[in-house]
Asker: 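This structure is in structure tokens; I'll ask about it shortly.
Each chain gets a letter, A, B and so on, in the order the sequences are listed, and its residues count up from 1. Because the structure is a prediction, the values reported are computed rather than measured.
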Amino acid sequence: MSGHSWDTYSQMEETGILKDVESQPWDGPVPNLHFVSHLPVSVKGEQLVAQLFRCIPERSWLFQYGRVPMSIILTDYVWSRLSAPPRDSRRCKLAVISEATADVKPAIDPAELAPYADYFHPVPVVAGVHKSVSKRIGQPMHAFTAIPYEEQVIQRGDTEKWDFCLRRLFVLKNTPLKAALNSLAPGATSLMKDLTDARIPMEERVKPTKSPRDLTLADWTLLLRAFNNWPFRPEDLMITDAFKEED
Amino acid sequence: MEYPPFMPSSSSSIHNDMHGFLRRPAQYTILPAPLPADAADEAHQHLFTDSPTQDRIAVMDACLHDLHDVPRAKEIFELLRESMRGDQLLDVRLYNHFLQAFYEMATRKESSNHAHWLEEAWILYNEMETGREGVQPTANTYAIMLRMWLRFGPDSESPVQISAAKVHDPMSLLRSMIGRAVAPALVVADRAFTTSEEATEAIKALSRAAVQMSLPSIVNELGLADSLGRQVDDPLEDVPEAIPVMKTKDLSAAVEARRNEDGTVSQFTTDEPAPRLDGDIPFNLETLRRHLGQVILARRVLSEDLVLRQRLLEESVYNVAVERLKHQAELFDQLGLPNKSLHSTDLRTWMWHWHVKLQARIEAELANLEVEERVIARLKRKGSKEDPQLSPFLKLLKPEKLSLITVLELMHLHGSGGVQDGMKTARALLAVGRAVEGEHKAEMCKKNNISVPNANPARSGDQNVFTNLGYRDLHARRVTARKYMEDSEEWTSDWSQLVRVKIGSFLVDCLMDVATVQRSIKDPRTGEKLTEEQPAFFHSYEYQRGHKLGVIKFNPAVAERMSKEPLAETLHPRHLPMLVKPKPWLSYNNGGYLYNRTWAMRFKESREQELYLRHASDAGRLELVFAGLDVLSSTPWQINRSVFDVVLKVWNSGERFAKIPPAVPDEPEPERPPNMDFDNKAKMVYLERQKSWMQTKAANHSDRCSINYKVEIARAFLGDTIYLPHNVDFRGRAYPIPPHLSHIGDDLSRGLLLFGEAKPLGARGLRWLKIHLANLAGYDKASFDERVEFVHEHLDDIYDSAERPLEGGRWWTKADDPWQCLATCIELKAALTSPEPEAYECALPVHQDGTCNGLQHYAALGGDAVGAAQVNLAAADRPSDVYTYVAKMVEDQIQRDLKEDHPFAKLLAGKISRKVVKQTVMTTVYGVTFVGARDQIERQLKDRGDVPIEQCWLAASYLAKKVLASIGDLFKGAKEIQTWLNTCARLVAKAIPQDRLVQSMTEPPPKAKRSNQPRWKKEQMTSVVWTTPLGLPIVQPYRSIKRKQVMTALQTVFISDPNIPSTVNAQKQASAFPPNFIHSLDATHMMLTALECRSQGLTFASVHDSYWTHAGSIDQMNAIIRDTFIALHSSDVLSALAQEFRERYADYKVPLVSLQGPAMKKLNLEGAAAPEDIQALKEIVSDEVEKPEEEEASLVLDAEDDLELEELEEEVKPKKRKPKKSAKSKEDVEQRLAGKFVNLVDILPALPEKGKFDVKAIKESQYFFS
DNA sequence: GCTATATTTACTGATATAAGTAATAGATAATCC
DNA sequence: AGATTATCTACCGACAATATCAGTAAATATGCT
């Protein structure tokens, strides 16, 4: 049983372990279920945390029970990506999604989690830096708790669109929006006028020179609204990656 | 051993000659390995040019074109000549080009610059005369200078005074010509003269000079040239090749080109007085050229109208395409429909409009660019690093052509690279750049209307090419033809990847900017119809395993349109069969298509391959390779009309049929499960399905596009005799160059092709036709008699298939190869129902395939009787089937395991079919590993469906071990040889040339850049090179190529610079060597067979190890196949290879550090005498150390640091003496193992012992090839 | 006028990216202390 | 010296990651006598 497998959770339900969990309405109180995880120090860990946040707007996975809080221990590296504010060089897709979906707060003072060897296993092979995965072992750790917002800026069913726009635009994370928009779809530059529309209050408008990395959550929300209203928006948002063919 | 009576044995002299040829003293092409990237020096430039130099040459070439910027060209030219860089690329034709350009500048410019340019020309000519720069005047040179003298010399109407250079009068030029053995007749017929008047003038001038110099023979020759120019064209022109050589008998007797050893034409002699000048027929330059061409090429040149048709075919695609687009657009305009929606749905109309707009845009942008680059050029200092200018390149073609190329290339790339409705940017940019380059080169090829040789140099009736004399003659003729052809062609330089990408990006960027479409959709909310003008293309990115991938995508409106109508417009002439016999291969890059530059070998990204080929070609060692290719290229084909009709019907129906995928998917798109919004698992499954559905759809579409090409090509060539020009891959295997429709293609392509000529079957041929049919139907494991019987039993089905292919029982569609089966059914029925079946003339190719050809060669090499029997090298009553045998071996082992209650044995018992092991057995020749074998078997098990899916993987693991072990047991000889080859390659790849060793130790590490790589690693530049018995040098290309990002208008693209040398990939070199070596052998066998078939008058074609000829000729071909195989393997191929390694790598050293790996030890342990081998290795080491003359072998090289030489010597000396006594101590040996070098040749393992099997036994094996 | 220094520009190399390590995980050569 | 760890994983025939940023080298501007 692995925390990575969706089956694990449905099996837990089947076995009745979660029987005493009371479902709460989304705008109700936090359910009596709390998800705790120590992310594996590997690619899988990053994958998992990203997936979990993306379940929030769809209210899938444990969020069927309501706004289940998550407490997660993770490496400094992943944390910095997850919590990077606008303009930060590490600002990324994950940061925007987590900011949009949940109130993420540090749970433990990172200093309490150091030194690494006192609290964690496995201990790094040697203190020196190795490569890739093993170099991350021994990094300082962070812990946070995320409570999904009652008010979701990502509407149910819109996760795909957010995913799509974020992915495409973060490719050109430091390129002015008016140029970067082009890679969204043919004619997508026309979205720019929605972002600078005179009817929008001045402070809410998004400057065409702003780059994806600098966009605030409000900016993204505006952008996605425009995208959603755009009749020419692309259709297949799910299958967008190139596949390498075999035989 | 004797052939069975029905196999005619060929004349024994041929056999002796071939055996003799294969045992001739070896001639290797040996060149130094490339130097490490950080050690490249000037001397290195001689062999390997760097990219900046290549760019400079290309810019210069482009500047010269149409006198675009002659001063700049000259500037670069002088720089290059001065620095001696890339001088192997500075062809004499380039010098001539400059002379020509100077001449034209002198004639064109109104200003007073005449004298300047003329002076430049004479200076350059004088330089050429000295021969200092490795180039010598050619006929073209003399012609240009003569023309210049006539136009501007003191006797001309407009004399120009030249003071700064020595000017040569006709006498001086003539003297030089004679000195260089250049025939004056060729000079006066040279392409430099554009009109008959000019040529006449030249003849007069030279004649006068000859008279003054008292050279009657020259006077005669020129008189002859004059009269040749007045000959009427030959009325027999169109008679096919059967009448060889020349037309007018008296002329051929009168004129004899005397050829020197190197193939230059020195003189025309005539026994008779010069023919009387015929005043009635005016002198015609073209006529003279054609006649001379025949004399020089010693063969008929192609008739004018055939050439014209081919020329039209090769040059007109773009013209045809543009006409079609235009026509379509006009059609819509004429209909007078302002209706935009109609307008917008037609792809061709769109393309036309893009083309029109793009043309204008290119012109404008190019003008900007030119100004910009001029400014940059003025600002930039000389010598500073600069990107090559683009405008000269873009000026090479007219904007309309650039525009069309861009549009067509982009449309052509639709769906490539696994991108939905789009393409990878990098590929698109390169493709466009390459297309522009190719088109320019083609234009240059077409520029001069030169005679094209027709007949094959290795014509039947010629001297036997395997004899010394015959070979030399072949060589001499080829060199002559080559010189003639090359001197008449424009020289063009190759562009670097960088230039291609930049050109591509310029054009694509323009296109994306201008191309728009009207896109209409229904607003998803309001349902209202919306129309908007949108870009037709857009640039975007996709991700592939977290890696960014730049893509160019089509607007959905365009994509939708494209998925419906496949475009035939994007076909390129280089992708089509030829209407005339391909130009014989005159050298490594001259042959095949008449008006497109084609290479005799397909290179990987490896300059080394090119270099070796060029050297071998220039040294005349490739005669038989070229001759063999010429045989394959000159096999005539035709489209099988009956099959074509059926294909067309099926195609137009759009249905799935006999491997043709349906036009619209026959499976519905997977539905979104309702629970996917909250069930992640369901979502995943859905996405998976969706993805695979899309993939199938894309695959179907690309299949249909490819079939569409085939059908279109077949349609275009219905009723024609066509030819497929061939070249070889780097191992020497031959392939037809046209990629779409050729006999090497899929079943459909093969079914659509027939030999160009039909030949009577005869009794044996009829039998073979039946056997062929059985083979195609999949009934190929039985004896010949049984196969014939099979056909007799299915005659009804066969007749039904032939008569009513679609309406009847469709028996043929169930065959393994349905389309070929249909073709054969039709032929067989036609034969059997004809009044005299045995006299029936049949054009269908009948195949003889080697059974596991790779293993056959291994068995022959190792004299392995057990293996030989398995692959039908030994005679037997019925064919032996390896796959069945191996399956049985595995099954037996499973039965044994069963007794021990092995769980997988229980699961798999009785399920080991032939099919399960087939792929693995086949791929052992390619060195398949355990992992690969397991995957293959897993797939097969899953296919069977009677093994639980979740157990497949482990079961496959269990089976793979057994299968591989069984194969190893069965083909012991093969395994040993494989290991030997692998070990040799591994050692070679780790070896370092001696001079590098000393040098790299001596010179301090360049700029103490922290290198974490040990020096010896960086010095590993040696690829495995060997020479096939036919003389073809083979260079394994595997290196660790470094790619870099380069900036373009759209994005950066990640490309490599093939000119930057990089270290070899030792693992790949080693693992690929066994298959490559075997393939180089089967290629040799095929070539020998092709040559022999030609000399015996058989039509021949091949698909690597499948040899084709007419049914009636099969017996004869079978004899030849066996003869050539025996000849090949009687020459002790492996010893020759070992010997070649010893010579080629004589002074290469292997660092012992790289032999420490377990594989090396294991390899030595695995051998028959494991401990002895180890001991031997140790002995060698101590020998090395003790030999005083082997200084460098005992150099200590620390693995981590680059030590100074002094340090080395100090360290070495004490060690050198010490080990003598303690050589036996294991620790000592091991200690000395680290950080030392041994001679590569000393540690090459001994050849595996050869078994008892005598390869001559195949004479009696019916099923060897069958 | 001319070199020394400051500033700008060009170039190179490193790094992050997405996300069920593409559908899969065992052997082996290479690399670290 | 010996364990650990990246790298394959069937040959050929048709190829191929990229935007951004930090650090450095080179070029230009500024400063100084």
Side-chain angles (χ1 to χ4, degrees), chain A residues 4-6 42-44 46-51 54 81 89-90 92-94 125-126 128 130-134 163 167 170-175 213 241-246, chain B residues 381 384-385 416-417 424-427 430-431 497 541-550 602 604-605 680-681 684 687-688 691-692 729-731 733 735 739 744 854 919-920 922-936 938-939 952-953 956-957 1012 1017 1041 1043-1045 1051-1056 1066-1068 1071-1079 1083 1104 1154 1156-1160 1162 1230 1234:
Chain A
H4 293 281
S5 168
W6 299 122
S42 71
V43 212
K44 287 217 162 193
E46 282 180 63
Q47 268 174 38
L48 183 64
V49 75
Q51 299 232 28
R54 275 188 304 181
R81 276 164 33 76
S89 73
R90 283 168 296 190
C92 62
K93 211 173 120 219
L94 175 59
V125 205
V126 202
H130 270 276
K131 277 180 191 165
S132 70
V133 180
S134 52
D163 226 36
R167 181 152 24 92
F170 263 108
V171 172
L172 300 161
K173 62 169 148 181
N174 202 25
T175 302
R213 191 182 59 185
D241 288 355
F243 37 69
K244 252 205 241 160
E245 68 255 52
E246 337 124 38
Chain B
R381 293 270 176 86
S384 74
K385 213 158 118 187
S416 65
K424 296 182 182 176
T425 311
R427 198 167 155 192
L430 265 177
Q497 293 286 80
Y541 299 88
E542 295 191 342
Y543 277 99
Q544 184 164 272
R545 269 192 69 198
H547 283 314
K548 294 190 184 91
L549 187 68
R602 303 162 188 226
K604 291 284 198 180
E605 227 176 70
N680 287 314
K681 173 89 183 191
M684 229 173 74
L687 278 177
E688 196 81 354
K691 205 170 166 183
S692 104
D729 70 12
F730 75 87
R731 289 105 31 100
R733 278 188 154 193
Y735 301 78
I744 216 168
Q919 197 186 10
T920 307
M922 272 185 354
T923 52
T924 39
V925 193
Y926 307 137
V928 77
T929 57
F930 169 73
V931 179
R934 185 193 54 202
D935 289 354
Q936 295 165 359
E938 186 191 7
R939 248 182 315 231
C952 274
W953 194 78
S957 257
N1012 37 9
K1017 198 128 212 215
I1041 41 164
R1043 286 182 299 181
K1044 283 199 294 200
Q1045 289 177 257
Q1051 58 169 77
T1052 69
V1053 289
F1054 201 47
I1055 53 172
S1056 65
Q1067 194 169 336
K1068 198 85 208 299
S1071 73
F1073 181 46
N1076 283 341
F1077 179 71
I1078 294 298
H1079 283 156
H1104 307 321
S1154 60
Q1156 293 281 52
M1160 250 26 225
K1162 200 173 152 200
E1230 273 175 2

Asker: Please determine, for the side chain of B:R934, which listed nucleotide (D:dA19, C:dA18, C:dA25) has the closest atom?
Answerer: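 Given the options D:dA19, C:dA18, C:dA25, the side chain of B:R934 is closest to C:dA25.
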Asker: Send over the distance from B:F930 CZ to C:dA25 P, rounded to a whole Å.
Answerer: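 Those two atoms, CZ and P, are 12 Å apart.
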Asker: Mind calculating the distance between NZ (B:K548) and C1' (D:dT18) to the nearest angstrom?
Answerer: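 About 5 Å, once rounded to whole Å.
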Asker: Quick one: is B:T1052 getting a side-chain N or O under 4.0 Å of the D:dA19 phosphate, OP1 or OP2?
Answerer: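 Looking at the OP1 and OP2 atoms of D:dA19, one of them is under 4.0 Å from a side-chain N or O of B:T1052.
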Asker: By nearest atom, which of the nucleotides C:dA29, C:dA19, C:dA14 is closest to the B:Q1067 side chain?
Answerer: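 The closest nucleotide is C:dA29.
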Asker: Which is more 5' along DNA chain D, the nucleotide nearest B:Q936 or the one nearest B:G550? Just name the residue.
Answerer: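 Its nucleotide being nearer the 5' end, the pick is B:Q936.
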Asker: Using the test salt bridge (Lys or Arg N to Asp or Glu O under 4.0 Å), find all partners of A:R213 that sit at least two apart in sequence or belong to another chain.
Answerer: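 Result, salt bridge (Lys or Arg N to Asp or Glu O under 4.0 Å) vs A:R213: none returned.
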Asker: Would you mind reading off the distance between A:E46 atom CD and C:dT15 atom C1', rounded to a whole angstrom?
Answerer: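 After rounding, the reported distance stands at 13 Å.
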Asker: Taking only side-chain N and O atoms of B:Q1051, does any of them lie within less than 4.0 angstrom of OP1 or OP2 on D:dT18?
Answerer: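 Indeed, a polar side-chain atom of B:Q1051 lies that close.
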Asker: B:W953 side chain: which of C:dA25, D:dA10, D:dT18 is closest?
Answerer: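 For the B:W953 side chain, the nearest candidate turns out to be C:dA25.
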Asker: Report, one pair per line, the protein and nucleotides 12-16 of chain D atoms (nitrogen or oxygen only) whose separation is under 3.5 Å.
Answerer:
residue, atom, partner, partner atom, Å
D:dC12, OP1, B:Y1038, OH, 2.4
D:dC12, O4', B:R731, NH1, 3.4
D:dC12, O4', B:R731, NH2, 3.2
D:dG13, OP2, B:K604, NZ, 2.4
D:dG13, O3', B:R602, NH1, 2.9
D:dA14, OP1, B:R602, NH1, 3.0
D:dA16, OP1, B:K424, NZ, 2.4
D:dA16, O4', B:R1043, NH1, 3.1
D:dA16, O3', B:R1043, NH1, 2.8
D:dA16, N6, B:Q497, NE2, 3.4
D:dA16, N1, B:E605, OE2, 2.6

Asker: Ignoring backbone atoms, establish whether A:T175 has a side-chain N or O less than 4.0 Å from OP1 or OP2 of D:dT20.
Answerer: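 The answer is yes; a side-chain N or O of A:T175 sits under 4.0 Å from OP1 or OP2.
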Asker: Name all stems that contain residues of DNA chain D, defined as runs of 3 or more consecutive Watson-Crick or G-U wobble pairs, both distances under 3.5 Å.
Answerer: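 So far as stems of 3 or more pairs are concerned, DNA chain D shows C:4-17 with D:17-30, C:25-32 with D:2-9.
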Asker: Using a cut-off of less than 4.0 Å, is there contact between a side-chain N or O of A:R90 and OP1 or OP2 of D:dT20?
Answerer: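 So the side-chain polar atoms of A:R90 never come under 4.0 Å of the phosphate oxygens OP1 or OP2 of D:dT20.
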Asker: Output the rounded distance in Å from CZ (A:F170) to P (C:dA19).
Answerer: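 One finds 14 Å between P of C:dA19 and CZ of A:F170, rounded.
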